[in-house]
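By convention in this document, chain letters (A, B, ...) are assigned in the order of the sequence lines, proteins followed by strands, and residues within each chain are numbered from 1.
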Amino acid sequence: MDKAYNHTTESELYKRWENSGAFTPNDSKKAFSIIMPPPNANDPLHVGHAMFIAIEDILVRFHRMKGESVEWLPGTDHAGIETQFVYEKKLAKDNKSRFDFDRETLYKNIWDYVEMNSGVAMTQMKRLGASADWGRYKFTLDPAVVSFVCETFQKLHNDKLVYRAEKLVNYCPHCGTAYSELEVDHEERTDKLYHIDYPLTDGTGVITVATTRPETLFGDVAVAVNPTDKRYTALIGKKVKLPLTNREIEIIADEGVDTAFGTGAVKITPAHDPFDWSVVEKNKEKFDLLETVNKHTVIGINGKMTANAGKDYENLSVFKAREKVVAELDLEKNAKPHIHNVGICYRCKRVIEPLPLPQFFVSVAPLTKPVLEALDKKDVVIHGTGREAILRTWLTNLRDWNVSRQIVWGIRMPVWHNVEGHETEVSVNFIDAKGKQHKGLLRDLYAEGFDLEAIATGLQQIIVPIVSNVPFVVQTEKPSEEGTWIQETDTFDTWFSSGQWPVVTLKTGNAGDFEKFYPTSVMETAYEILPFWVMRMLMLGMYLTGNVPFKDVYLHGLVRDGQGRKMSKSVGNVVNPIDLVEKYGADALRMALVMGSTPGQDKSVGEPTIKGMRNLSNKIWNATRFLKEFSGEQPENAELKTWTLKVVRQTTEHLDKLRVGQASEYLYGEFWHGYCDKWIEEAKKGSVGTSQMEEVLLVFLKLLHPFMPFVTERCYQEIFSQKESDLLITAAWPTV
RNA sequence: GGUCGCAUAGCUCAGUUGGUUAGAGCGUUCGAUUCACAUUCGAAAGGUCCCUGGUUCGAAUCCAGGUGCGACCACCA
């Protein structure tokens with residue numbers, strides 16, 4: 001044996017494990033299963049992935065050694081918006097955009113791009129020692145997964161839990177898609193609050209409104225004041241003239257107006273502001289909501305002013321239009337700085353534009369209720385400080401889920417529209433090959449020479465939300481009835497498919513897997529995606545099976561650098577886990593990430609810590625080396641025996657209770673200061689014999705194996721393994 | 001504004017259901033070393049466990065309030 005442990009033999013050991021069949025479940029009745037959180041298929045691993053690999057692999061190896069039938073099911077996610085966003089950035093480097101391709105070509109190109117990169121993540125997981133069942137590997141765009149996801153949507157539709165509605169949605173003009181409420185970030189910005197005078201039509205004066213968005217005045221349909229506001233009560237019902245246009249709008253009363261903000265008078269732009277939308281929605285006698293909104297939408301899906309804003313403003317960007325309005329009305333002089341939060345796209349960081357668009361929504365109330373009950377009954381237990389309370393808050397306040405996305409990279413919705421005979425009712429909204437928006441009746445589209453079917457099937461352009469006002473059919477295949485059937489061009493929100501992950505991976509896998517492994521034992525993931533993913537899995541898992549998708553949820557925290565700072569490219573403190581594996585070994589990295597970590601809490605890991613754990617690898621190695629050469633014939637030492645039993649009992653208990661951080665810390669101390677510092681010295685002094693020391697070393701190799709699989713396996717091979725197939729990974733866990 | 005969390009050694013953090021002298025890694029000081037390992041060993045220094053009050057025979061741990069920090073959520077123009 002070498003004097004120091006050399007970790008470069010790790011990949012050889014990994015191959016031996018993989019070839020031995022140890023990663024696939026045995027026929028034991030007792031099942032233990034973890035569905036791996038699928039990383040994005042086109043991303044290389046970051047240190048957060050190393051964290052989940054470490055924790056899950058520890059649990060999986062522990063239960064495997066206990067003799068259970070263990071399934072750790074790996075996979076990757078197509079990560080719709082994320083991936084398309086990355087791909088579009090790549091296109092932009094070549095001076096291209098998504099509009100240069102038709103739907104099918106773009107999809108195929110992204111597919112090739114993802115396929116090219118998707119092997120990387122898997123190889124890296126293997127380098128970290130992940131003993132996952134690669135034979136059952138799943139991708140969210142596997143044909144079986146896609147049809148399962150579509151069937152779920154059909155089931156939801158049959159159960160009347162899906163509806164299509166035109167609502168104000170969070171739309172990113174740059175990414176060209178709407179988002180759910182969860183995907184919008186907020187950023188505090190200092191903008192200007194402008195004051196605009198709207199002259200009363202009776203010539204008695206003006207009413208001054210305050211706004212941060214003067215360019216939307218073309219979309220105003222009213223001015224609202226609080227009915228209790230004495231300054232304005234006399235004006236309610238009067239009309240004002242919109243500046244820059246000749247349009248007249250009414251002054252109306254609404255309790256929601258804050259008299260203390262601005263001037264106490266609010267311009268109402270229902271198509272571009274959620275508050276204004278709600279004001280118009282409430283005022284049913286005065287306004288037909290959808291008609292009003294449609295007529296007064298002044299910003300298009302391309303982020304530019306529409307024809308409704310008038311000839312001078314049409315096709316100007318929102319920002320340019322604002323500058324122009326400010327200049328023309330000389331608003332700068334009365335502007336005040338104003339700090340407020342604006343919604344920004346969580347991908348591209350540009351401002352989110354609330355726009356009225358027809359989208360598909362899933363009613364969430366019937367889905368969240370059983371989850372809350374399951375939490376009450378402890379059918380599912382959340383491990384992670386305070387995270388259960390957060391989950392409950394989410395479940396209680398969740399709004400209907402917008403599941404449609406206007407991107408190509410994803411699962412296309414199994415929805416069909418029959419537009420025949422509806423040419424004068426169907427409105428169409430899309431962006432053509434030149435990036436120009438078209439919006440209007442189908443009849444007009446035909447008159448312009450466009451072919452809707454060709455657009456929708458993607459032979460010409462990428463289309464953004466397609467048609468409204470037509471009854472739709474939910475099914476995978478094109479309906480056989482007569483008509484002009486157009487398939488919905490939207491794809492599903494990524495979380496709609498990944499939200500079914502535990503169910504779909506097991507149902508589309510080997511026969512009997514679902515029955516054997518569902519509900520899964522543990523869901524281990526980052527607390528950051530608790531609302532996006534864990535909550536959706538619980539909702540859809542319970543909806544589809546009537547049972548929770550997992551019994552325990554272990555939430556790990558963010559991995560921070562040695563100074564406790566968040567890793568970020570701008571700080572330059574991002575570490576590549578594979579570099580660390582090459583330098584110190586996978587065992588050292590795993591142990592450093594896990595030791596003393598607590599669920600739900602962030603973890604700082606600096607290089608000195610990893611170095612310290614590399615030293616532990618070496619310590620294990622050298623203890624083995626010592627025993628290989630040591631010989632002593634003393635009778636059994638009773639103190640050593642009881643101490644060993646205590647260590648076994650304590651470690652097992654920690655792991656049974658998912659206390660991975662404590663188990664590792666405990667083992668470190670007991671092995672180093674107990675076995676090495678104390679008992680090896682005792683052995684040298686002659687108070688313990690070889691056979692007992694070997695016995696105890698074997699116990700420690702087993703206990704340490706889930707944490708540091710490579711070095712322990714090598715040491716096992718040095719002393720204990722009798723033949724090629726005798727591996728520590730499948731050795732029996734010590735009993736007390 | 002709402003919700004949740006954190007505050008323990010110089011730094012980064014553990015501390016299971018309240019129970020003897022409060023722990024680890026890294027760092028610091030002193031010493032050792034042909035004897036498994038200098039990727040080592042022995043020893044030491046270093047803490048009013050944020051503050052105040054309460055419950056208890058007993059509180060780092062439970063409760064209330066305060067202070068500081070952080071995360072997430074939030075349509076007020």
TODO: Specify the separation, in whole Å, of atom CG of A:D561 and atom P of B:U12.
DONE: 10 Å
Task: hbond_proxy A:D273 side chain to B:C75 base (donor-acceptor, 3.5 Å cutoff) - done: no
Open item on the list: Of the listed nucleotides (B:A24, B:A74, B:A77), which one gets closest to any side-chain atom of A:V266?
Closed with: B:A77
Task: Atom C1', compared across B:U52 and B:U12: separation rounded to whole Å - done: 29 Å
Task: Complementary nucleotide for B:A59 - Watson-Crick or wobble, under 3.5 Å - done: none
Open item on the list: Between A:N615 and A:T609, which residue's closest nucleotide on RNA chain B lies nearer the 5′ terminus?
Closed with: A:T609
Task: Gap between atoms CG and C1', on A:L667 and B:A14 respectively (whole Å) - done: 15 Å
Task: Atom P, compared across B:A60 and B:A9: separation rounded to whole Å - done: 15 Å
Open item on the list: Does B:A36 have its OP1 or OP2 closer than 4.0 Å to a side-chain nitrogen or oxygen of A:K684?
Closed with: yes
Open item on the list: I'd like the P distance from B:G53 over to B:G19, given in whole Å.
Closed with: 23 Å
Open item on the list: Once you apply a heavy-atom cut-off of 4.0 Å, does A:A389 come out as touching a base, just sugar-phosphate, or nothing?
Closed with: sugar-phosphate
Open item on the list: Taking the minimum atom-to-atom distance to the side chain of A:R399, which one of B:U40, B:A77, B:C75 wins?
Closed with: B:C75
TODO: Identify whether any heavy atom of A:L558 sits under 4.0 Å from a base atom; if not, whether one sits that close to sugar-phosphate; answer base, sugar-phosphate or nothing.
DONE: nothing
Open item on the list: So, OP1 or OP2 of B:U39: does either fall under 4.0 Å of a side-chain N or O from A:W621?
Closed with: no
Task: Given RNA chain B, 5'-ward residue of the pair A:T212 and A:R625, judged by closest heavy atom - done: A:R625
Open item on the list: Regarding A:D276, tell me which of base, sugar-phosphate or nothing describes its non-hydrogen contacts under 4.0 Å with the strands shown.
Closed with: nothing
Task: Separation between OG1 of A:T690 and CG of A:L697, rounded to the nearest 0.5 Å - done: 12.0 Å
Open item on the list: Nearest to the side chain of A:Q662, heavy atoms from C-beta on, is which of B:A77, B:U39, B:A14?
Closed with: B:A14
TODO: Describe the nucleic acid contact of A:Q601 in one word from base, sugar-phosphate, nothing, applying a heavy-atom distance below 4.0 Å.
DONE: sugar-phosphate
TODO: Describe the nucleic acid contact of A:G562 in one word from base, sugar-phosphate, nothing, applying a heavy-atom distance below 4.0 Å.
DONE: sugar-phosphate
Task: Flag for A:D587-A:H7: side-chain donor and acceptor within less than 3.5 Å - done: no
Task: Value in whole Å for how far the C1' atom of B:U16 lies from OH of A:Y554 - done: 13 Å
- [ ] Taking only the side-chain nitrogens and oxygens of A:T393, find out if one of them lies under 4.0 Å from OP1 or OP2 of B:U3.
- [x] no
Open item on the list: Is there a side-chain contact between A:K678 and the phosphate of B:G42, meaning an N or O under 4.0 Å from OP1 or OP2?
Closed with: no
Task: Base-pairing assignment for B:G68 (Watson-Crick or G-U wobble, both under 3.5 Å) - done: B:C6
Open item on the list: What is the separation between atom CZ on A:R560 and atom P on B:U12, rounded to the nearest whole Å?
Closed with: 12 Å
Open item on the list: Apply side-chain contact (heavy atoms from CB on, under 4.5 Å) to residues A:E670 and A:Q650 and explain how you reach the verdict.
Closed with: CA-CA 11 Å; A:E670 296 304 313; A:Q650 186 66 258; over 6 Å; no
Task: side-chain N/O A:H186 vs B:C73 OP1/OP2, d < 4.0 Å - done: no
Open item on the list: What's the gap between B:U17 and B:G1 when it is taken at their C1' atoms, as a whole Å value?
Closed with: 38 Å
Open item on the list: When you compare the side chains of A:W401 and A:D493, does any donor N or O come within less than 3.5 Å of an acceptor on the partner?
Closed with: yes
Task: Under 3.5 Å on both distances, the Watson-Crick or G-U partner of B:A32 - done: B:U40
Task: Sugar-phosphate, base or nothing in reach of A:W394, heavy atoms under 4.0 Å - done: sugar-phosphate
TODO: May I ask you to evaluate whether A:N618 reaches the phosphate of B:U40, defined as a side-chain N or O under 4.0 Å from OP1 or OP2?
DONE: no
Open item on the list: Base, sugar-phosphate or nothing for A:M595? Non-hydrogen atoms, less than 4.0 Å.
Closed with: sugar-phosphate
Open item on the list: I'd like to know if A:K619 reaches the base of B:C37 with its side chain such that a donor and an acceptor end up less than 3.5 angstrom apart.
Closed with: yes
- [ ] Return the value, rounded to whole Å, for the distance between atom CZ of A:R213 and atom P of B:C75.
- [x] 15 Å
Open item on the list: Could you identify the nucleotide paired to B:C73, looking across every strand shown and requiring Watson-Crick or G-U wobble geometry with both distances under 3.5 Å?
Closed with: B:G1
Open item on the list: Just N and O in the side chain of A:S604: are any of them under 4.0 Å from OP1 or OP2 of B:C13?
Closed with: yes
- [ ] For B:A74 versus B:U3, give the span between their P atoms, rounded off to a whole number of Å.
- [x] 15 Å
TODO: From the options B:A24, B:A36, B:U39, select the nucleotide whose nearest atom is closest to the side chain of A:C676.
DONE: B:A36
Open item on the list: With a 3.5 Å limit on both atom pairs, tell me what B:G25 is paired to, counting Watson-Crick and G-U wobble, or say none.
Closed with: B:C11
TODO: Compare side-chain N and O positions of A:R614 against OP1 and OP2 of B:C26 and report whether any pair is under 4.0 Å apart.
DONE: no
TODO: Would you tell me if any nitrogen or oxygen in the side chain of A:H340 comes within less than 4.0 Å of OP1 or OP2 on B:A77?
DONE: yes
- [ ] Name the pairing partner of B:U20, where a pair is Watson-Crick or G-U wobble with both distances under 3.5 Å, or state none.
- [x] none
- [ ] Determine the contact category for A:T624: base if any of its heavy atoms lies under 4.0 Å from a base atom, sugar-phosphate if only primed atoms, P, OP1 or OP2 are that close, otherwise nothing.
- [x] nothing
Task: P gap between B:A71 and B:G31, integer Å - done: 46 Å
- [ ] Considering only atom P, compute the distance from B:U21 to B:A59 and round it to an integer number of Å.
- [x] 12 Å
- [ ] Scan A:V209 against the nucleic acid and name what it touches under 4.0 Å (heavy atoms): base, sugar-phosphate only, or nothing.
- [x] nothing
Open item on the list: Using whole Å, what does the distance between atom C1' of nucleotide B:C75 and atom CD1 of A:I352 come to?
Closed with: 14 Å
Task: Over-ring placement of A:K267 relative to A:Y198, 6.0 Å and 45° cut-offs - done: no
Open item on the list: Looking at every heavy atom in both A:S617 and A:M708, which two are closest together, and how far apart are they?
Closed with: OG-CE, 3.4 Å
Task: A:V257, A:T259, A:T263 screened by side chain to side chain contact (heavy atoms under 4.5 Å, CB included) with A:Y232, the one that passes - done: A:T263
- [ ] Would you mind checking if A:K349 and A:D185 are paired as a salt bridge, meaning a charged N to carboxylate O distance below 4.0 Å?
- [x] yes
Task: Rounded interatomic separation in angstrom, taking CD from A:Q563 and C1' from B:G27 - done: 13 Å
Open item on the list: Closest approach to the side chain of A:E681, judged atom by atom: which nucleotide of B:A36, B:G23, B:C26 is it?
Closed with: B:A36
- [ ] Determine the contact category for A:H673: base if any of its heavy atoms lies under 4.0 Å from a base atom, sugar-phosphate if only primed atoms, P, OP1 or OP2 are that close, otherwise nothing.
- [x] sugar-phosphate
Task: Over 12 non-hydrogen atoms of neighbours within 6.0 angstrom of NZ in A:K324 - done: yes
TODO: May I ask you to say whether A:R392 pairs ionically with A:E388, meaning some side-chain N is under 4.0 Å from a carboxylate O?
DONE: yes
Open item on the list: Starting the side chain at C-beta, find the nucleotide from B:A24, B:A36, B:C6 nearest to A:Y668.
Closed with: B:A24
- [ ] Pick the P atom in B:C69 and in B:A77, then give their distance to the nearest Å.
- [x] 25 Å
- [ ] Just call it for A:G386: base, sugar-phosphate, or nothing, with non-hydrogen atoms closer than 4.0 Å on any strand.
- [x] sugar-phosphate
